[in-house]
Protein chains: 2
Amino acid sequence: MNKLSSFLSKTEILNAAEQTLRKYGPDKASVTDVAKLLGVSHGTLYRHFPSKAALREAVTERWLEEMIVAPLTEIAAIPTTNALGQLRDYIAKLVELKQHHASQDSEMFKMYAAVTEESAALVEVHIRKLLDHIDLLIAQGMEQGLISRSIPAAVQARSVLYGTARFHHPAHAYEWRSPGIMQEFAQLWTLLERGLSEH
Amino acid sequence: MNKLSSFLSKTEILNAAEQTLRKYGPDKASVTDVAKLLGVSHGTLYRHFPSKAALREAVTERWLEEMIVAPLTEIAAIPTTNALGQLRDYIAKLVELKQHHASQDSEMFKMYAAVTEESAALVEVHIRKLLDHIDLLIAQGMEQGLISRSIPAAVQARSVLYGTARFHHPAHAYEWRSPGIMQEFAQLWTLLERGLSEH
DNA sequence: CAAATGACAATAATAATTATTTGTCATTTG
DNA sequence: CAAATGACAAATAATTATTATTGTCATTTG
């Protein structure tokens with residue numbers, strides 16, 4: 001169904017799996033459902049992914065990369081003379097993206113939250129990417145004389161990410177419905193920015 | 001059973017409920033179990049608490065007060081010439097207490113975490129107590145010229161509590177087993193302290 | 001007569017049964 | 001012969017039947 005080539009590609013499977021996940025949610029979607037959508041036997045899918053867990057992880061990995069990491073990479077890559085302001089934009093975007101998908105793409109967000117509890121490896125890789133971005137921005141901020149060198153950039157990067165966890169970690173998603181949430185983030189950021197600043 | 005007076009008191013019920021909770025865990029413990037332990041009919045308990053939920057909340061409320069709030073109130077009340085240092089001790093104690101009970105009093109901690117998701121009112125009251133303590137310490141720090149007045153104390157208090165959520169919010173309990181957790185807290189604190197400081 | 005009881009209906013949890021899904025692999029297909 | 005199939009066993013999940021718990025209240029007890 002909708003096949004562009006006669007042989008199944010990983011991308012086609014991921015597309016179908018994501019569509020199935022969106023339709024039935026991560027608790028109900030089965031490998032059989034995905035196979036049905038593709039018009040193939042479910043056994044076929046096991047020639048491409050060793051297990052259902054692996055398929056779920058692959059879908060989540062791609063979703064995270066496309067929906068969260070890619071837009072952030074873009075922000076981190078913009079040349080700037082104000083790395084500290086860029087860091088604020090970066091974290092604000094991270095918060096905005098997570099909260100947006102939690103409400104507007106809820107089934108995939110649930111999938112992401114579930115995989116987060118199942119696969120420490122996937123989380124670790126994701127966190128590492130964010131930390132690398134933040135680390136880079138902080139190092140630039142140091143070069144620009146905006147951010148204090150009294151603490152290593154990598155250490156400050158972790159503190160910034162963990163310190164803002166309430167606003168982007170999926171375990172806090174139910175708190176994001178509160179109307180004051182973005183103001184609270186802005187206020188915390190003011191404090192963190194003071195802590196990061198050279199002065 | 002173990003009754004000091006012939007009539008049941010709320011305290012006796014709470015003691016029995018807590019004992020039952022510790023024995024069976026919050027998922028298995030029933031009102032009937034509590035009644036059995038007290039040697040009374042379960043209907044009697046409904047003359048003291050309107051529902052099982054209310055009983056669970058009352059037990060949790062008392063536990064929170066005794067195990068978490070009371071020790072913190074003590075720290076907040078110590079007279080000091082270094083309110084910023086005291087604030088560090090306060091938050092460190094909050095983190096230590098939560099993490100200690102998560103591992104050493106796990107059934108009651110589970111009960112607390114469950115009630116946290118059921119009763120927004122209880123959480124709100126608990127948070128308010130902590131915020132009042134932190135607010136007080138920050139206001140003192142301002143008077144002592146240690147903490148910046150550029151942001152209202154109440155706002156900074158909320159930022160401090162939410163900024164350290166990863167280290168005391170029950171949703172993050174599974175991350176507390178990581179060996180680096182206290183170092184990460186110390187590093188975040190260094191950053192927050194820089195942000196709070198007058199300079 | 002305040003406090004507690006225990007019989008009762010409604011609701012929820014558990015256990016037993018049935019149906020689906022997951023994962024394997026010898027066989028088929030193009 | 002690489003790719004896919006589909007029959008099969010094992011593991012999960014959904015359904016149903018059964019048992020336990022929750023919550024009420026008219027009645028009993030001290």
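In what follows, chains carry the letters A, B, and so on, assigned in the order in which the sequence lines appear, proteins first and then strands, with residues in each chain numbered from 1. Hydrogens, waters and symmetry mates are skipped; everything else that's a heavy atom, side chains included, is used.
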Determine which nucleotide pairs with D:dG30, using a 3.5 Å limit on both distances of a Watson-Crick or G-U wobble pair. C:dC1

Each nucleotide of nucleotides 22-30 of chain C classed B (base within 4.0 Å of a protein heavy atom), S (only sugar-phosphate) or -, in 5' to 3' order, makes BBB------

Whole-Å distance between D:dA3 P and A:F49 CZ? 15 Å

Would you kindly give the OH-to-P distance between B:Y24 and D:dA20, to the nearest whole Å? 14 Å

Should we count CD of B:E118 as having more than 12 external heavy atoms under 6.0 Å? yes

Distance to the ring centre below 6.0 angstrom and angle to the axis at most 45 degrees; does that hold for B:K98 and B:F109? no

Whole angstroms only, please: what is the NE2-C1' distance between A:H48 and D:dA4? 8 Å

Could you walk me through whether A:L94 and A:T164 pass side chain to side chain contact (heavy atoms under 4.5 Å, CB included), step by step? CA-CA 10 Å; A:L94 170 60; A:T164 54; 5.5 Å; no

Roughly how many Å is it from CD1 in A:I13 to P in D:dA3, rounded to a whole number? 12 Å

Answer yes if the side chains of B:E12 and B:S9 hold a donor-acceptor pair under 3.5 Å, and no otherwise. yes

Is the shortest side-chain N to carboxylate O distance from A:R22 to A:E18 below 4.0 Å? yes

If the cut-off is 4.0 Å, is A:K28 near the phosphate of D:dA13, judged by side-chain N/O to OP1 or OP2? no

So which nucleotide does C:dG23 pair with, by the Watson-Crick or G-U wobble rule with both distances under 3.5 Å? D:dC8

Distance check needed: D:dT12 P versus A:D27 CG, whole Å only. 16 Å

Is B:R62 salt-bridged to B:E65, going by a charged N under 4.0 Å from an acidic O? no

Whole-Å distance between D:dT5 P and A:K36 NZ? 15 Å

